[in-house]
Amino acid sequence: MPSSSRPESPPRSRPPTISLAAYCRCGAMTSARGLFDGMRDPDVVFWTTLMSGYAASGRSREALSLLRAMELSGVQPNVVTLSTAASACARLADAGLGRQVHARTEVAGWSGNAVCATALVDMYGKAGRVEDARAVFDGMDAPARNAVSWGAMLAAYTQNALGNEAIQLFAELRTNGRGLAPNQFMLSSVVSACAGVARLGIGKCVHGAALRLGQGNDEVIAVALVDMYSKCGCYEYSRKVFDRIDQPSLIPYTSIIVSAAKYGHGRWALALFSEMVDQGVQPNDVTLLGVLHACSHSGLVDTGLQLLRSMQSKYGIAPCPSHYTCAVDMLGRAGRLEEAFELAMEAQVEGNEALLLWNSLLSACRTHKRLDLATLAGQRVLEFNQDVASGLVLMSNAYASVGQTGNADAVRSGMRRRGIRKDPGCSWIEVKDTPYVFYAGAISCAGARTDEVLTLLDELECKMRERGYKGRLGRARVSDGHEDDGDEGKGVMVGVHSEILALGFGLLVLPKGMTIRVMKNLRMCCDCHEAFKLISVIVEREFVVRDLNRFHHFQMGSCSCSDYW
DNA sequence: CTAGGGTTAG
């Protein structure tokens with residue numbers, strides 16, 4: 001505060017509008033309320049000021065209750081009031097309340113107002129109603145759609161995991177955007193969209209555009225880029241973008257730590273974490289989850305446990321279910337299943353989060369062939385009686401892994417009988433910015449090149465046998481239940497796993513020397529992992545596979561995960 | 001008095 005030469009005047013001698021707004025801006029809502037309550041007949045601007053004060057302080061319910069109160073007192077909301085109300089509904093992610101606000105803007109004839117409509121787009125987006133958001137966006141007159149409107153719609157897609165739709169809309173900006181230039185909001189959303197759907201080609205283009213548009217120093221865009229490169233299998237690029245950030249704050253550090261973790265670079269992640277702490281940047285719960293994740297994926301089990309035990313005292317952050325789940329997973333991955341069980345019991349996690357925790361334990365039991373504990377964990381999972389599909393698949397896999405194929409098949413056929421299905425496993429690969437998706441046993445995506453892919457895979461299998469490969473790339477391999485190749489009761493025979501098909505296609509169509517990047521919506525299985533290692537030697541190429549939850553970088557017969565994942 | 005962006009286990 002600069003010192004004033006004038007004598008101090010008490011706040012209440014100023015015009016009340018200014019005082020009320022000032023209190024609201026400082027978040028001094030008790031004072032704001034006191035001033036407001038002392039007014040005789042507050043007009044719509046006072047009401048709206050108070051409302052936006054509550055909304056900005058995160059007190060959205062109180063903001064919305066003012067809407068009713070002002071009407072009871074006979075004051076009609078204006079377009080600003082309703083925009084503020086829509087934004088409060090957005091924070092609450094409440095489409096029901098938001099729809100009421102929407103209806104009132106229509107009745108009052110303000111649907112053409114850019115600010116109001118944009119607030120509604122954001123509200124529907126945050127409430128998970130993307131189609132409603134798009135309807136409002138499309139309903140705006142083209143001239144009314146400004147940069148903020150485009151940014152809100154792009155964010156709505158990105159935040160609802162509709163990355164391809166966001167990319168598509170960003171392309172439409174060029175044609176229908178009336179010359180609007182992409183700004184930092186649009187760019188960060190689109191980069192984040194590319195991350196979500198692992199579209200490296202588009203992501204690189206947007207990166208270039210951001211640099212040309214002078215947005216190379218925007219920290220939010222940089223974070224999105226770090227995340228995008230990491231999710232597309234380019235850790236080195238992530239690192240380069242991160243290293244260019246001046247004085248990285250919490251989120252950039254968190255983002256690069258998570259990236260390193262996904263690559264199995266546990267030591268780097270820990271080094272970045274101490275650098276961050278040394279720089280005086282306080283970690284939050286997400287950061288600590290990332291560090292735990294790093295320990296988990298690099299086998300730094302005792303370091304991870306120490307962190308879990310000290311995060312409250314050292315950083316003032318109490319472990320929440322996600323931290324426990326990560327630590328349980330870490331112990332399970334390392335084969336320390338008794339300790340994992342103890343921790344899972346200790347965590348006292350409930351509800352949906354408990355389901356995740358026990359599912360990961362069950363998965364570890366299967367990996368380490370501990371049927372005794374798998375049965376226990378399986379019971380806990382099935383108690384939840386929801387998302388049973390993944391639990392049942394894990395149970396079936398646990399039986400199969402110890403050779404009890406009869407039991408495994410019984411679980412599977414029970415699932416079929418009850419109509420329980422799991423999302424089919426699929427892998428995809430980007431060729432000239434177009435994704436090609438492959439399902440297990442179904443090669444149709446390769447189109448005219450199907451036969452070539454199959455021939456190539458046969459040839460590779462022969463060469464792999466010469467090097468001692470015992471498995472099969474496909475055809476008659478007995479199912480490990482890992483990836484379903486469809487229905488009709490033939491669960492014991494699977495075709496080729498989808499990542500092998502994607503790889504075969506990539507080998508055919510991508511130029512020699514280019515790293516082949518395969519994305520997969522499930523975890524990679526051990527057989528395919530071995531196969532990728534061997535093929536990387538045979539064809540002398542590098543492959544990156546993005547798993548459901550991490551990366552494998554294959555090079556000359558070995559993988560970045562050192563077979564620990 | 002009003003609208004938009006980034007990180008999160010399995």
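Keep in mind that what you see is a predicted model, and the values were worked out from it rather than measured. Below, chain A is the first sequence line, B the second, and so on; all start at residue 1.
Under 3.5 Å, the side chain of A:N146 and the base of B:dA3 form at least one donor-acceptor pair of N or O atoms. Scanning atom types as modelled, one donor and one acceptor separated by under 3.5 angstrom connect the side chain of A:T48 and the base of B:dC1. Counting distance only, with no hydrogens placed and no angle test, the side-chain atoms of A:S360 and the base atoms of B:dG10 include no donor-acceptor pair under 3.5 Å. Residue-to-nucleotide contacts include no donor-acceptor pair under 3.5 Å from the side chain of A:S255 to the base of B:dT7. Residue-to-nucleotide contacts include no donor-acceptor pair under 3.5 Å from the side chain of A:N183 to the base of B:dG5.
Salt bridge A:R104/A:E71: present, at least one basic N to carboxylate O contact under 4.0 Å.
Proximity of the aromatic rings of A:Y54 and A:F36 is defined here by a centroid distance below 6.0 angstrom, and this criterion is not met. For A:F170 and A:W150, the ring centers sit 6.0 Å or farther from each other. Residues A:F242 and A:Y253 bring their aromatic ring centres within 6.0 Å.
Backbone-only contact: A:S189 has heavy atoms under 4.0 Å from sugar-phosphate atoms and none from a base. Among the protein residues, A:S322 comes within range of the nucleic acid bases, having at least one heavy atom under 4.0 Å from a base atom. Using a 4.0 Å heavy-atom criterion, one finds that A:N113 contacts no nucleic acid atom at all. Nucleic acid contact class of A:D285 (heavy atoms, under 4.0 Å, all strands): none. Using a 4.0 Å heavy-atom cutoff across all strands shown, A:A195 reaches no nucleic acid atom at all. Here A:E219 lies in heavy-atom contact (under 4.0 Å) with a base. If you check every strand for non-hydrogen atoms under 4.0 Å, A:R333 touches sugar and phosphate atoms only. Among the protein residues, A:I221 comes within range of the nucleic acid bases, having at least one heavy atom under 4.0 Å from a base atom. Across all strands, A:A114 comes closer than 4.0 Å to base atoms (heavy-atom distances).
A:L356 has its CG atom 13 Å from the C1' atom of B:dT8, to the nearest Å. The distance from atom CG of A:L548 to atom P of B:dG10 is 9 Å, rounded to the nearest whole Å. Distance A:L307 CG to B:dT8 C1': 15 Å, rounded to the nearest Å. Look at CG on A:N352: it is 13 Å from C1' on B:dA9, rounded to the nearest Å. A:D547 places its CG atom 13 Å from the P atom of B:dA9, with the value rounded to the nearest Å. What separates CE of A:M70 from C1' of B:dC1 is a distance of 10 Å, to the nearest Å. The separation between A:L35 atom CG and B:dC1 atom C1' is 14 Å, rounded to whole Å. For the pair A:N359 CG and B:dG10 P, the computed distance is 12 Å after rounding to whole Å.
Ranking B:dG6, B:dC1, B:dA3 by closeness to the A:V148 side chain, first place goes to B:dA3. Side-chain proximity of A:D329 to the nucleotides B:dT8, B:dG10, B:dG4 is greatest for B:dG10. Minimum atom distance to the side chain of A:V115 is reached by B:dT2, of the listed B:dT2, B:dG5, B:dG10. The side chain of A:T49 lies closest to B:dC1 when the candidates are B:dT2, B:dG6, B:dC1. Here the nucleotide nearest the side chain of A:S149, chosen from B:dA9, B:dT8, B:dA3, is B:dA3.
Remark: A:Q159 is in phosphate contact with B:dG6, judged by side-chain N or O atoms under 4.0 Å from OP1 or OP2. Residue A:K126 has no polar side-chain atom (N or O) positioned under 4.0 Å from OP1 or OP2 of B:dG4. Here A:H293 does not reach the OP1 or OP2 of B:dT7: none of its side-chain N or O atoms lies under 4.0 Å away. An OP1 or OP2 oxygen of B:dG6 is reached within less than 4.0 angstrom by no side-chain nitrogen or oxygen of A:K231. For B:dT8, neither phosphate oxygen OP1 nor OP2 lies less than 4.0 angstrom from any side-chain nitrogen or oxygen of A:T325.
Between the side chain of A:D43 and the main chain of A:F46, a donor-acceptor pair closer than 3.5 Å is present.
When only modelled atom types and interatomic distance are considered, A:Y229 and A:H207 share a side-chain donor-acceptor pair under 3.5 Å.
Seen from the ring of A:Y263, A:R550 does not count as a face-on cation partner, given the 6.0 Å and 45° thresholds.
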